Asks: 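Structure in structure tokens, see below.
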Amino acid sequence: MICERYWRDGVLQVERGERDPHRETCGACQHAHQRRDELVAALSLIDRAVTGDPVWQARVWSRIARLEARPPRRWWQVLTGGLVAAATLMLVWWQLGAGGAPGELRPHVDIVPSETVMRSMGPRVGDRIRVAVRPADEVRIYRSDQLVLRCPASSTARTVAGGCTIDDRGMVVDSIMAAVGNYDVVIITAMPVEPLGNLARDLGAVVSAGGEYQLTSIAIE
């Protein structure tokens with residue numbers, strides 16, 4: 001028989017020194033109370049064994065003394081550790097496709113303003129969309145849900161179309177936003193399929209083929 005009342009309420013009454021009428025008539029709670037008393041007694045014995053053992057204390061202080069006597073690291077050891085850490089960080093950035101700063105990780109989409117004078121924060125007609133992707137990524141740009149530019153993956157493209165430039169890290173796509181409307185930039189990875197020309201239908205085809213995509217929407221009013 002198991003009674004959870006002792007560990008929920010009865011043990012608190014014991015700690016407060018209160019009488020527990022339930023425990024007086026419950027065999028399970030009486031057994032739990034006995035086990036609790038045995039545990040408390042065992043813990044007190046453990047505490048005395050640890051704090052009163054001179055051999056154990058001597059070992060602890062000896063260990064502390066050895067650590068304090070350890071000679072400090074030489075300057076060249078510190079320098080070597082720093083160089084190793086820096087090389088590891090550069091290797092991680094290189095594997096991720098970064099040419100330098102973390103902001104250059106690919107793929108990424110930027111809006112390039114058509115002028116540098118003071119202006120509103122939002123994109124405007126005449127601004128350019130610039131997309132940097134990896135060799136296996138395909139880029140498609142839609143205006144008002146219709147395909148206006150397609151740049152196949154640089155690893156499979158035989159020719160470079162207008163606005164699609166292959167570089168040593170993949171491809172850079174540059175397209176002007178020449179009219180008011182909604183622009184959608186789609187970066188496709190893993191099993192790209194031939195476009196149908198409509199945003200919703202093309203995304204559905206990519207998903208059906210088991211591909212993956214990243215969508216960035218830009219509104220020009």
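These values consider heavy atoms only, across backbone and side chains, with no hydrogens, waters or symmetry-generated copies. Note that the structure is a prediction, hence the values are computed from the model and not measured.
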Asks: Filter on side chain to side chain donor-acceptor pair (under 3.5 Å), then keep only pairs touching residues 174-183, sequence neighbours left out; what's left?
Replies: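 Listed once each, the pairs are R128-D174, R130-D174.
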Asks: Looking at every heavy atom in both S144 and G181, which two are closest together, and how far apart are they?
Replies: OG-CA, 4.4 Å
Asks: Got C151 and E138 here, is their nearest side-chain heavy-atom distance under 4.5 Å?
Replies: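 C151 vs E138: side chains apart.
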Asks: So do R140 and L147 actually touch side chain to side chain, heavy atoms under 4.5 Å?
Replies: yes
Asks: Do L196 and V148 land in one hydrophobic cluster if side-chain heavy atoms of ILVMFWY residues count as linked below 4.5 Å?
Replies: no
Asks: Return the set of residues passing side chain to side chain contact (heavy atoms under 4.5 Å, CB included) with E18 (not counting sequence neighbours), or none when no residue passes.
Replies: Q13, R16
Asks: Can you name the residues that form a side chain to side chain contact (heavy atoms under 4.5 Å, CB included) with D184, not counting sequence neighbours?
Replies: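 Residues passing side chain to side chain contact (heavy atoms under 4.5 Å, CB included) with D184: Y142, D145, L199, L215, S217.
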Asks: Within a reach of under 6.0 Å around NE2 of H22, are more than 12 heavy atoms found that belong to other residues, nucleotides or ligands?
Replies: yes
Asks: Taking 4.0 angstrom as the limit, do R124 and D127 come out as a salt bridge?
Replies: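 Between D127 and R124 there is no salt bridge, as every charged N stays at least 4.0 Å from the carboxylate O atoms.
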Asks: Run the salt bridge (charged side-chain N to carboxylate O under 4.0 Å, His left out) test against D167 and tell me which residues pass, sequence neighbours left out.
Replies: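 R106.
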Asks: Under the salt bridge (charged side-chain N to carboxylate O under 4.0 Å, His left out) rule, collect the residues that match up with R201, sequence neighbours excluded.
Replies: none
Asks: So which heavy atom on M171 is nearest to which on A153, and how close?
Replies: CE-CA, 4.5 Å
Asks: Do V186 and D202 pass the side chain to side chain contact (heavy atoms under 4.5 Å, CB included) test, and can you show the C-alpha distance, the side-chain angles, and the key distance before you say yes or no?
Replies: CA-CA 10 Å; V186 180; D202 287 350; over 6 Å; no
Asks: What pairs with R143 under salt bridge (charged side-chain N to carboxylate O under 4.0 Å, His left out), at least two apart in sequence or on another chain?
Replies: none
Asks: Please step through side chain to side chain contact (heavy atoms under 4.5 Å, CB included) for the pair Y213 and T189, ending with a clear verdict.
Replies: CA-CA 6 Å; Y213 68 86; T189 59; over 6 Å; no
Asks: Just how far is it from atom CD of E24 to atom NE2 of H33, taken to the nearest 0.5 Å?
Replies: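 Reported to 0.5 Å precision, the distance equals 10.5 Å.
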Asks: Looking at R134, H108, E212, Q214, which one forms a side-chain contact (heavy atoms from CB on, under 4.5 Å) with I187?
Replies: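 When R134, H108, E212, Q214 are each tested with I187, the side-chain contact (heavy atoms from CB on, under 4.5 Å) holds only for Q214.
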Asks: How far apart are the closest heavy atoms of A209 and V193, and which atoms are they?
Replies: CB-CG1, 3.4 Å
Asks: Using the side-chain contact (heavy atoms from CB on, under 4.5 Å) definition, which of the options V125, I129, V112 pairs with M177?
Replies: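 For M177, the side-chain contact (heavy atoms from CB on, under 4.5 Å) check succeeds only for I129.
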Asks: Are V172 and I188 connected into the same hydrophobic cluster when the rule is that any two of I, L, V, M, F, W, Y join if their side-chain heavy atoms are below 4.5 Å apart?
Replies: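 No, it is not one cluster - the side chains of I188 and V172 are not joined through contacts under 4.5 Å.
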Asks: Provide the closest heavy-atom pair for P123 versus A219 in the form atom of the first, atom of the second, distance.
Replies: CG-O, 3.8 Å
